[in-house]
Amino acid sequence: MQDYLAGLNERQREAVLHINGPLMIIAGAGSGKTKVLTTRIAHLMATGVDAFNILALTFTNKAAREMKERVERILGNNEARNLYIGTFHSVFARILRAEAHRIGYPNSFTIYDTDDAKSVVKTVINEMQLDEKLYKPATVYNRISSAKNALVTPAEYANDYYIQQEDIRGNRPAIAKIYDAYCKRCFKNGAMDFDDLLLKFYELLKTFPDVLSKYQHKFRYIMIDEYQDTNPAQYEIVKLLGAMNENVCVVGDDAQSIYSFRGATIQNILQFQKDYDDVKVVKLEQNYRSTQNIIHVANEVIRNNKAQIPKVLFTENASGEKIKIVRTMTDNDEGKFVADTIQEQKLRNHYANKDFAILYRTNAQSRAFEESLRRMNIPYTMYGGISFYQRKEIKDFVAYLRLIVNKKDEEALKRIINYPVRGIGKTTIDKILLQANTHNITMWEMLENADRFGFRAGTLNVIQDFVVMIRSFTSMLEKQNAYDVAFHVGKQTNLVKELFNDKSTEGLQRYENIQELLNSIKEWVESPDNEEGEVVDKSLGAYLQQITLLTDADNKDPDADTVKLMTIHAAKGLEFACVFAAGLEEMLFPNAMSINTREELEEERRLFYVVVTRAKKKLWITYANTRYKFGSLVQNEPSRFIDELPADYVDSTYAGGGTKQSTFGFGSTGSAYERMSGGWSSTGFDAGKKFGPPPAKKTTPEYLSPKPEAKKVADHTPSADFQASDVNDIAVGQRVEHQKFGFGEVLKLEGNQHNKMAIIRFDQNGEKKILLNYARLRILNSQL
DNA sequence: ATTACTTGCCTTTTT
DNA sequence: GGCAAGTAAT
């Protein structure tokens with residue numbers, strides 16, 4: 001009966017068997033953390049704790065899903081379905097849906113994703129008539145998000161001396177006002193952003209003792225995964241929920257704290273022992289994942305950090321190979337090396353595609369790897385793109401559904417009011433917005449009363465048609481299920497038809513995506529609609545809230561036999577037989593944004609620790625001498641982290657670059673600079689052989705061949721002596737040369753002196769109106 | 001009002 | 001090198 005304990009080591013068993021009272025598990029990388037958590041949940045249930053009383057919080061949907069599945073497997077029954085396992089965001093959203101009315105929100109509140117939130121910020125900035133150049137929505141949103149994560153209210157933000165000084169120094173003193181307006185606007189829209197899901201839940205617990213008591217009694221056992229990544233909001237919530245029973249179990253590894261940019265504070269885990277009396281601490285230090293070499297290197301790396309809980313990872317696994325450090329000329333060569341090596345390893349050691357992961361610091365690095373893998377026909381999956389539900393056509397369709405469920409949702413309304421085009425253009429929308437703001441009503445209420453605001457007859461008509469249509473959808477909701485309503489919406493709005501008629505490749509894809517969306521709604525509606533004892537909310541509103549919290553990783557099959565490409569952040573918690581840690585260059589990793597303080601640098605080092613410990617058998621660390629950034633070539637030093645690796649445990653090689661035959665020849669590959677610097681430092685110059693030449697390589701790969709360019713304007717190459725003349729000298733009747741349009745004659749001059757325009761008839765391109773302030777014109781002859 | 005093209009700005013990591 | 005915002009043209 002208790003055979004689930006059999007596969008555990010001493011420490012792990014200690015953690016599992018501790019049932020009552022606070023528990024902190026410091027779980028080193030690969031030490032069986034998930035196993036301990038899931039076994040502990042199973043053990044709680046085996047000793048009589050009701051699944052309904054157990055709450056387990058994770059950071060990703062995937063971790064939650066895996067945990068639930070593993071508990072089910074251990075228990076061998078379906079009691080696990082009654083567990084409350086989910087991400088912080090999804091669990092709190094679910095509770096808020098039941099309680100939102102208490103804090104003045106509609107229960108069918110909309111969840112704004114980051115794009116929606118930035119759009120609201122932008123709206124607010126525009127309405128406050130602030131300079132959008134200075135107040136960039138993304139920057140301001142980040143600032144607001146940080147404040148929320150730190151539980152700083154708009155009032156506190158405005159009154160805090162240091163925060164204000166910081167904003168003034170950044171020349172953005174109005175952020176406090178934007179923050180305040182943003183919150184009010186979201187509230188008016190009946191919407192919460194991601195941070196609100198934590199913040200509002202906290203407010204709810206803090207403000208209503210009966211609500212707090214209800215959930216304290218419900219969640220008698222609380223488990224938190226990745227505790228080192230919690231922020232102050234999450235910390236306070238856990239503290240409140242756990243205050244009654246103090247059965248709080250946190251699992252984490254301070255060495256893997258890599259989310260400070262999202263407000264995570266490593267202090268939460270460092271100080272857990274001070275938060276409760278009698279904290280039981282268990283350290284899991286035996287690693288079951290990696291070779292001794294990898295573990296040794298990881299330990300050496302992290303030793304350079306100061307602030308940490310002392311622990312040393314060890315393993316009984318084989319010592320394995322040395323870590324390979326590989327230098328290439330360019331980022332493309334890096335990609336090529338990795339793809340070649342994967343191919344070679346597959347052949348020589350019979351690895352499958354899914355045994356490989358290419359991990360990098362920034363998403364922008366994925367391109368070179370994608371290209372090289374595609375060229376070698378190696379299947380891969382890239383994580384970190386936009387999720388299915390963030391695609392334009394999906395968001396447009398979903399916006400209809402959002403508006404049907406929540407009429408206050410201004411972002412949804414703005415998205416679809418003229419999609420498909422029905423003649424409600426920018427001018428009209430601006431007018432609606434202005435009126436709505438001055439009368440302090442929502443845009444929708446404005447539309448419902450459009451007849452009172454003096455729109456032109458035609459405009460009024462289309463507005464009223466729109467209102468009638470949306471209302472008819474809403475009334476459908478009362479009698480029909482979410483899928484039927486969604487299907488009807490697609491039909492009635494002509495959206496589906498319009499996409500169906502678009503026969504371009506992208507159009508076809510968009511059409512298929514919409515079909516997939518409809519299928520997913522259908523699946524949602526038809527999946528079992530109650531978990532034992534608790535009716536699951538199958539409304540359209542619940543569906544919409546749920547999909548906003550899905551990431552692109554949630555749509556992908558982790559077991560697919562493909563090479564995985566992702567950022568190191570996304571790889572936390574995963575393991576692969578063979579790992580390529582790419583782009584180990586100064587300014588990239590550690591990233592230029594994170595080298596200004598000791599704290600930042602230590603977090604970068606923890607990131608490096610994370611990537612090293614993802615590998616089970618083999619680890620390559622690669623870097624390029626030069627790489628493209630924003631389309632131009634930059635040169636970087638090797639990362640300082642490479643210097644921190646113990647020399648006895650690594651092999652350094654040079655994988656060369658470009659095409660071997662023509663490395664010093666004239667030709668096809670790379671710039672002169674690349675070819676010239678190709679030969680220096682010949683550590684293992686035969687490495688090309690060692691890593692095996694890819695089969696049947698062309699001398700000039702097709703990706704380097706010049707591409708024919710399509711031009712719409714008739715070609716004109718400016719004369720060699722082209723020089724722009726002073727615009728004030730231009731007069732009617734002159735022959736002029738334009739850099740792109742070619743030769744022509746000035747027909748007419750218009751505009752005032754600040755906004756001079758010329759009508760020119762070009763020999764090749766017809767008449768054009770040219771703004772003289774910007775155009776570069778050469779006067780060929782003066783007829784005066 | 002809508003489209004088609006040019007420009008400017010960018011990138012750190014994400015529930 | 002790529003996307004969103006701004007602008008010229010129908």
Side-chain angles (χ1 to χ4, degrees), chain A residues 57-64 86-93 111-115 117-119 122 132-133 136-139 141-142 145 149 193-198 226 229-231 233-234 257-264 331 359-368 371 383-387 390 392 418-429 458-459 548-554 566-572 583 587-595 600 603-604 606-607 610-611 627-633 711-713 740 757 765-771 774-775:
Chain A
L57 296 172
T58 65
F59 275 87
T60 64
N61 297 305
K62 206 176 82 214
T87 63
F88 284 89
H89 291 85
S90 69
V91 167
F92 297 169
I111 298 174
Y112 278 167
D113 66 18
T114 317
D115 290 334
K118 281 181 196 157
S119 171
K122 194 178 163 188
E132 223 186 297
K133 288 262 149 41
K136 286 189 218 111
T139 314
Y141 171 72
N142 282 337
S145 177
N149 285 327
D193 63 20
F194 287 147
D195 302 319
D196 283 333
L197 295 176
L198 311 182
E226 309 280 17
D229 289 331
T230 52
N231 63 33
Q234 289 158 328
S257 162
I258 54 175
Y259 278 101
S260 72
F261 69 94
R262 245 169 68 187
D331 46 353
L359 308 178
Y360 35 77
R361 177 67 237 270
T362 66
N363 279 306
Q365 287 167 255
S366 67
R367 206 202 84 254
E371 277 176 12
Y383 288 76
I386 58 162
S387 95
Q390 302 200 52
K392 204 172 277 139
N418 201 30
Y419 175 81
V421 285
R422 51 172 69 86
I424 307 181
K426 194 178 181 309
T427 326
T428 311
I429 294 172
T459 310
T548 314
L549 297 173
L550 295 176
T551 65
D552 86 315
D554 296 318
M566 64 185 95
T567 63
I568 301 169
H569 282 88
K572 196 171 64 158
M587 312 307 275
L588 187 59
F589 190 15
N591 193 271
M593 312 298 292
S594 310
I595 48 175
E600 285 174 351
E603 179 148 324
E604 293 287 299
R606 290 193 294 269
L607 250 188
V610 168
V611 72
R627 71 171 61 239
Y628 280 93
K629 195 177 185 187
F630 306 142
S632 57
L633 207 59
K711 276 244 166 76
K712 265 129 215 161
V713 178
K740 190 181 291 161
M757 290 172 287
N765 289 297
E767 281 184 26
K768 301 231 181 267
K769 193 183 260 187
I770 304 288
L771 279 170
Y774 304 105

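Hydrogens, waters and symmetry mates are skipped; everything else that's a heavy atom, side chains included, is used. Order of the sequence lines sets the chain letters (A, B, ...), proteins ahead of strands, with each chain counted from 1.
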Indicate whether any N or O donor in one side chain lies under 3.5 Å from an N or O acceptor in the other, for A/Asp195 and A/Ser145. yes
Here the distance between atom P of B/dC9 and atom NZ of A/Lys629, to the nearest Å, is 17 Å
Picking from B/dT2, B/dC9, B/dA1, the nucleotide nearest the side-chain atoms of A/Lys133 would be B/dC9
| query | Between A/Phe261 and A/Tyr259, what is the ring plane arrangement, given parallel below 30°, perpendicular above 60°, and tilted in between? | reply | tilted
Closest non-hydrogen contact found for A/Asp229 with A/Ala264 is O-CB, 3.2 Å
A/Tyr383 OH to B/dT13 P, in whole Å, measures 18 Å
Checking all strands, does A/Ser594 fall into the base, sugar-phosphate, or nothing category for heavy-atom contacts under 4.0 angstrom? base
Rounded to whole Å, CD1 of A/Ile386 lies from C1' of B/dT15 at a distance of 17 Å
**Study point:** Sugar-phosphate, base or nothing in reach of A/Thr427, heavy atoms under 4.0 Å
**Key:** sugar-phosphate
According to the 5.5 Å centroid and 30° plane-angle thresholds, does A/Phe88 stack upon the nucleobase of B/dT15? no
Between A/Arg367 and A/Lys392, whichever has its closest DNA chain C nucleotide further toward 5' is A/Arg367
Atom CD of A/Gln365 and atom P of B/dC10 are separated, to the nearest Å, by 19 Å
From the candidates B/dT15, B/dT2, B/dT13, the one with an atom nearest any side-chain atom of A/His569 is B/dT13
Separation of B/dT15 atom P from A/Leu550 atom CG, nearest Å, is 11 Å
With heavy atoms under 4.0 Å as the rule, sort A/Asp554 into base, sugar-phosphate or nothing.
nothing
Considering every strand and a 4.0 Å limit on heavy-atom distances, what is the contact class for A/Phe194: base, sugar-phosphate, or nothing?
base
Please report the distance separating the P of C/dA4 from the corresponding atom of B/dT13, rounded so that it comes out in whole Å.
16 Å
A/Asn231 vs B/dT15: side-chain N/O to OP1/OP2 distance below 4.0 Å: no
Handout entry: Polar contact flag, side-chain donor to acceptor under 3.5 angstrom, A/Asn363-A/Ser366
Key = no
query: Going by 5.5 Å between centroids and 30° between planes, is there a stack of A/Phe261 over B/dT14?
result: no
Ranking C/dG1, B/dT14, B/dT2 by distance to the side chain of A/Arg262, first place goes to B/dT14
From NZ of A/Lys118 across to C1' of B/dT15 the rounded distance in Å is 14 Å
Out of B/dT14, B/dC10, B/dT15, minimum distance to the side chain of A/Lys136 belongs to B/dC10
Atom CG of A/Asn142 and atom C1' of B/dT11 are separated, to the nearest Å, by 12 Å
**Message:** Under 4.0 Å between a side-chain nitrogen and a carboxylate oxygen: does that hold for A/Arg367 and A/Glu371?
**Reply:** yes
Whichever of A/Thr551 and A/Gly425 has the more 5' nearest nucleotide on DNA chain B, that residue is A/Gly425
Quick note, A/Phe630 side chain, CB onward, closest among B/dC10, B/dT14, B/dT2 is B/dC10
Atom CE of A/Met587 and atom C1' of B/dT13 are separated, to the nearest Å, by 17 Å
Regarding the side chain of A/Thr114, the nearest nucleotide among B/dT15, B/dT11, B/dT13 is B/dT15
**Asked** Is the distance from OP1 or OP2 of C/dA5 to the nearest side-chain N or O of A/Lys122 less than 4.0 Å?
**Response** yes
In short, A/Asp331 meets A/Ala368 closest at the heavy-atom pair O-CB, 3.5 Å
Looking for any heavy atom pair under 4.0 Å, which part of the strands does A/Asn363 touch: base, sugar-phosphate only, or nothing?
sugar-phosphate
